[in-house]
J.: 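Encoded as structure tokens, here's the structure I'll be asking about.
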Amino acid sequence: MAYRYVPPKLETVESLMNRFIRNSLAAIGFAALAIPAQAGLIIGGDAVDKASATSIVDIVFAIDTSGSMIDDIAAIGAAANTAVKNLQCPMTDCYVRARFMGISGTSGSLFNESVRNYVLAKGGSPITNNTEDNGWAVVDLVKYFDWGSDAAAGQKNYHAIVTIGDEGTENGEPVNALDFVAAKAANEAAINESVLLFSWVTDDPYPGVPNLFKAMAVGGNPGNGDTYGNTGGAYLAGLQGVDVQTRLQEIICDAATGNDVPEPASLGLVLLGLAGLSRMRRR
């Protein structure tokens, strides 16, 4: 039987290029799986870009990830991306770097890193060691977080922390002497390092928690005879039934001005003027 020699088929340049691209994309895909993206970071604001912003804001949202907070975590997670990226602040054009963390645990796709692990990764010694350590998480973040200092001429850097929970500030549940110690330490750390502190108490808090969270952020007496200073942040109450996107935008816009914000009773009214002022500015 005679065999006829058939020369191997030569690939065209186009075919070679297509194969090269497919292999390269596959390699990139595997590499991406091995290098996790920075967790819980959303970049946005209402400035066109960082160079055109009047203020640059680093803001960290640190939340209690215990079981009672599951619905609150879900609500914030659903609204965060839109709130940060579609921001409209009437008093400033800001560039925002918003970071979302659990305190010592993680939950959901947004709060997928913790303050405690963040500090450990930086080689620090965290004070935070319980899921409900709202006060100590503030102290750790003030000390260890990579706060930006990249404002150019004519710009300002603002740093802010939002601590969110429904229990005491040290290991949760009813407020006791240890909670006052943690809240006072958080208050003083924020003031000493010019970090705006926002405290957000969610629904059905334990007795004494609202007064403690309020004093920690805006000053006053939480009930133990001690006096706290004003960090320049704000106290916020409630989450269910609240327009969470609006609430997040209020907090960020307040932080972007670096000024004292309205008292708790009036804070919820801030956005009533935001929409109108934003429209005026756009005109």
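Here the structure is a predicted model, which is why all the values come from computation and not from measurement.
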J.: Strictly distance-based, threshold 3.5 Å: is any side-chain N or O of Thr92 a donor or acceptor partner for the main-chain N or O of Thr54?
T.: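 No, Thr92 side chain to Thr54 backbone: no donor-acceptor pair under 3.5 Å.
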J.: Is it true that, when you exclude Lys122 itself, more than 12 heavy atoms of the residues, nucleotides or ligands shown sit nearer than 6.0 Å to its NZ?
T.: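 It does: Lys122 NZ has more than 12 such atoms within range.
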J.: Testing the basics here: between Ala75 and Leu239, what is the closest heavy-atom pair and its distance to 0.1 Å?
T.: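 That would be CB-CD2, 3.7 Å.
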J.: May I ask you to test the Leu110-Asn81 pair for a side-chain heavy-atom distance under 4.5 Å?
T.: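 No; the side chains remain at least 4.5 Å from each other.
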J.: Look at atom CD of Glu193 and say whether more than 12 heavy atoms of other residues, nucleotides or ligands are closer to it than 6.0 Å.
T.: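 It does not: Glu193 CD has 12 such atoms or fewer within range.
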J.: With sequence neighbours left out, what residues match Thr82 under side chain to side chain contact (heavy atoms under 4.5 Å, CB included)?
T.: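 Expected list: Asn86, Gln245.
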J.: With rounding to the nearest 0.5 Å, note down the distance linking CD in Glu173 to CD in Glu167.
T.: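 Result: 5.5 Å between the selected atoms.
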J.: How would you list all residue pairs meeting salt bridge (Lys or Arg N to Asp or Glu O under 4.0 Å) that involve residues 199-210, not counting sequence neighbours?
T.: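 Applying salt bridge (Lys or Arg N to Asp or Glu O under 4.0 Å) to every pair that reaches into residues 199-210, excluding sequence neighbours, yields nothing.
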J.: When Ile, Leu, Val, Met, Phe, Trp and Tyr are grouped by side-chain heavy atoms lying under 4.5 Å apart, directly or through other members, which residues fall in the same group as Val139?
T.: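 Hydrophobic cluster check, Val139: joined to Ile127, Trp136, Val181.
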J.: What pair of heavy atoms forms the shortest contact from Met216 to Ser199, and how long is it?
T.: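 So the two residues come closest at CE-CB, 4.3 Å.
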J.: Give the cluster check for Met69 versus Ile103: same hydrophobic cluster or not, with ILVMFWY residues linked at side-chain heavy-atom distances below 4.5 Å.
T.: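 Met69 does not cluster with Ile103.
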J.: Side-chain contact, heavy-atom cut-off 4.5 Å: Tyr95 with Asp49?
T.: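 Not in contact.
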J.: Testing Asp64, Asp166, Thr163, Asn171 one by one against Asn134 for a side chain to side chain donor-acceptor pair (under 3.5 Å), which residue passes?
T.: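 Passing option: Thr163.
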J.: Mark yes or no for whether Asn112, through its side chain, and Ser109, through its backbone, hold a donor-acceptor pair below 3.5 Å.
T.: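 Yes: the side chain of Asn112 pairs with the backbone of Ser109.
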J.: Do any N or O atoms from the side chain of Asn157 and from the backbone of Ala151 form a donor-acceptor pair under 3.5 angstrom?
T.: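 Answer holds: yes.
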J.: Dump the intermediate steps for side-chain contact (heavy atoms from CB on, under 4.5 Å) on Ile63 and Trp200, then the final yes or no.
T.: CA-CA 9 Å; Ile63 198 167; Trp200 189 352; over 6 Å; no
J.: Between Cys253 and Cys89, does a disulfide bond (SG atoms under 2.5 Å apart) hold up when you go through it step by step?
T.: CA-CA 5 Å; Cys253 288; Cys89 298; 2.1 Å; yes
J.: Between Glu170 and Asp179, is there a donor-acceptor pair closer than 3.5 Å when you use the side chain of the first and the backbone of the second?
T.: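 Checking the backbone N and O of Asp179 against the side chain of Glu170, no donor-acceptor pair under 3.5 Å is found.
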J.: Could you check whether any side-chain heavy atom of Thr106 comes within less than 4.5 Å of a side-chain heavy atom of Thr65, counting everything from C-beta outward?
T.: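 Side-chain contact under 4.5 Å: no.
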J.: Looking at Ala62 and Leu141, what are the two nearest heavy atoms and their distance?
T.: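 Where Ala62 meets Leu141 most closely, the heavy atoms are CB-CD1, 4.0 Å.
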J.: Taking only residues two or more places apart in sequence, or in another chain, which ones meet Asp71 in a salt bridge (charged side-chain N to carboxylate O under 4.0 Å, His left out)?
T.: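 Asp71 satisfies salt bridge (charged side-chain N to carboxylate O under 4.0 Å, His left out) with no other residue.
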J.: Testing the basics here: between Gly168 and Val175, what is the closest heavy-atom pair and its distance to 0.1 Å?
T.: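 Heavy atoms only, the tightest pair is CA-CG2, 4.5 Å.
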J.: First locate atom CD of Glu132, then atom OG1 of Thr169, and finally report the distance between them rounded to the nearest 0.5 Å.
T.: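 Taking CD in Glu132 and OG1 in Thr169, the distance rounds to 11.0 Å.
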J.: Indicate yes or no: at least one non-hydrogen side-chain atom of Cys94 is less than 4.5 angstrom from one of Asp46.
T.: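 Counting from C-beta outward, Cys94 and Asp46 do come under 4.5 Å.
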J.: Spell out, as yes or no, whether a donor-acceptor pair under 3.5 Å connects the side chain of Ser114 to the backbone of Gly105.
T.: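 Not a single qualifying donor-acceptor pair exists.
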J.: Does some side-chain heavy atom of Ile251 sit less than 4.5 Å from a side-chain heavy atom of Ile59?
T.: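 Side chain of Ile59 against side chain of Ile251, heavy atoms only: contact under 4.5 Å found.
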J.: Using 0.5 Å steps for rounding, measure from the CG atom of Asn230 to the CG atom of Leu196.
T.: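 The CG atom of Leu196 is 9.5 Å from CG of Asn230, to the nearest 0.5 Å.
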J.: Same hydrophobic cluster for Ile161 and Ile191, using side-chain heavy-atom links shorter than 4.5 Å among ILVMFWY?
T.: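 Ile161 and Ile191: separate clusters.
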J.: Taking all atoms of both residues into account, what is the closest heavy-atom pair of Ser104 and Asn130, and its distance?
T.: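 Minimum heavy-atom separation between Ser104 and Asn130: OG-C, 3.0 Å.
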J.: side-chain contact (heavy atoms from CB on, under 4.5 Å) for Gln240 and Thr202? Distances and angles first, verdict last.
T.: CA-CA 8 Å; Gln240 297 306 311; Thr202 58; over 6 Å; no
J.: Residues in ring-ring contact (aromatic ring centres under 6.0 Å, His included) with Tyr206, at least two apart?
T.: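 With sequence neighbours excluded, Tyr206 shows a ring-ring contact (aromatic ring centres under 6.0 Å, His included) to no residue whatsoever.
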J.: Side chains of Ile252 and Tyr158: closer than 4.5 Å at any heavy-atom pair?
T.: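 Sidechains of Tyr158 and Ile252: no contact.
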J.: For residues Val138 and Leu178: do they belong to one hydrophobic cluster (side chain heavy atoms under 4.5 Å, members Ile, Leu, Val, Met, Phe, Trp, Tyr)?
T.: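 Val138 does not cluster with Leu178.
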J.: For a quick check under 3.5 Å, do Thr128 and Asp133 share a side-chain donor-acceptor pair by atom type?
T.: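 Note: Thr128 and Asp133 side chains miss the donor-acceptor criterion.
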J.: Got Val218 and Lys214 here, is their nearest side-chain heavy-atom distance under 4.5 Å?
T.: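 A side-chain contact under 4.5 Å exists here.
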J.: Under 3.5 Å, is there a donor-acceptor pair between the Thr131 and Ser66 side chains?
T.: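 No donor-acceptor contact under 3.5 Å links the two side chains.
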J.: Say whether Ile42 and Val162 are linked into one hydrophobic cluster, either directly or through other cluster members, by side-chain heavy-atom distances under 4.5 angstrom.
T.: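 Yes: a chain of side-chain contacts under 4.5 Å links Ile42 to Val162.
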J.: Do Val242 and Phe198 sit in the same hydrophobic cluster, where Ile, Leu, Val, Met, Phe, Trp and Tyr count as joined when their side-chain heavy atoms come under 4.5 Å apart?
T.: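 They do not share one cluster, since no chain of ILVMFWY contacts under 4.5 Å joins Val242 to Phe198.
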J.: Hey, does the side chain of Ser55 reach the backbone of Lys156 with a donor-acceptor pair shorter than 3.5 angstrom?
T.: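 Not at all, since once roles are kept as given, no pair shorter than 3.5 Å links the two residues.
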J.: Checking Ile76 against Phe61 for the side-chain contact (heavy atoms from CB on, under 4.5 Å) test, could you report, in this order, the C-alpha distance in whole Å, the side-chain angles of both residues, the deciding distance, and whether it holds?
T.: CA-CA 10 Å; Ile76 293 173; Phe61 293 81; 5.7 Å; no
J.: Should side-chain heavy atoms under 4.5 Å link Ile, Leu, Val, Met, Phe, Trp and Tyr, which residues sit in the same cluster as Leu120?
T.: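 ILVMFWY cluster around Leu120 holds nothing else.
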J.: Considering all heavy atoms of both residues, which atom of Thr231 and which atom of Ala217 are nearest to each other, and what is their separation?
T.: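 Taking Thr231 first and Ala217 second, the nearest heavy atoms are OG1-O, 2.6 Å.
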J.: May I ask you to decide if Val201's main-chain N or O and Tyr235's side chain share a donor-acceptor pair within less than 3.5 Å?
T.: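 Side chain of Tyr235 to backbone of Val201: no pair is present.
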J.: Within the 4.5 Å heavy-atom criterion, are Arg99 and Tyr118 side-chain neighbours or not?
T.: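 Side-chain contact under 4.5 Å: yes.
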J.: Let me see the working for Lys50 and Arg97 under side-chain contact (heavy atoms from CB on, under 4.5 Å), right down to the final yes or no.
T.: CA-CA 10 Å; Lys50 186 170 74 170; Arg97 294 179 289 238; 4.3 Å; yes
J.: According to the interplanar angle, ranging from 0 to 90°, do the rings of Phe100 and Phe111 count as parallel (below 30°), tilted (30 to 60°) or perpendicular (above 60°)?
T.: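 Answer is perpendicular, since the angle exceeds 60°.
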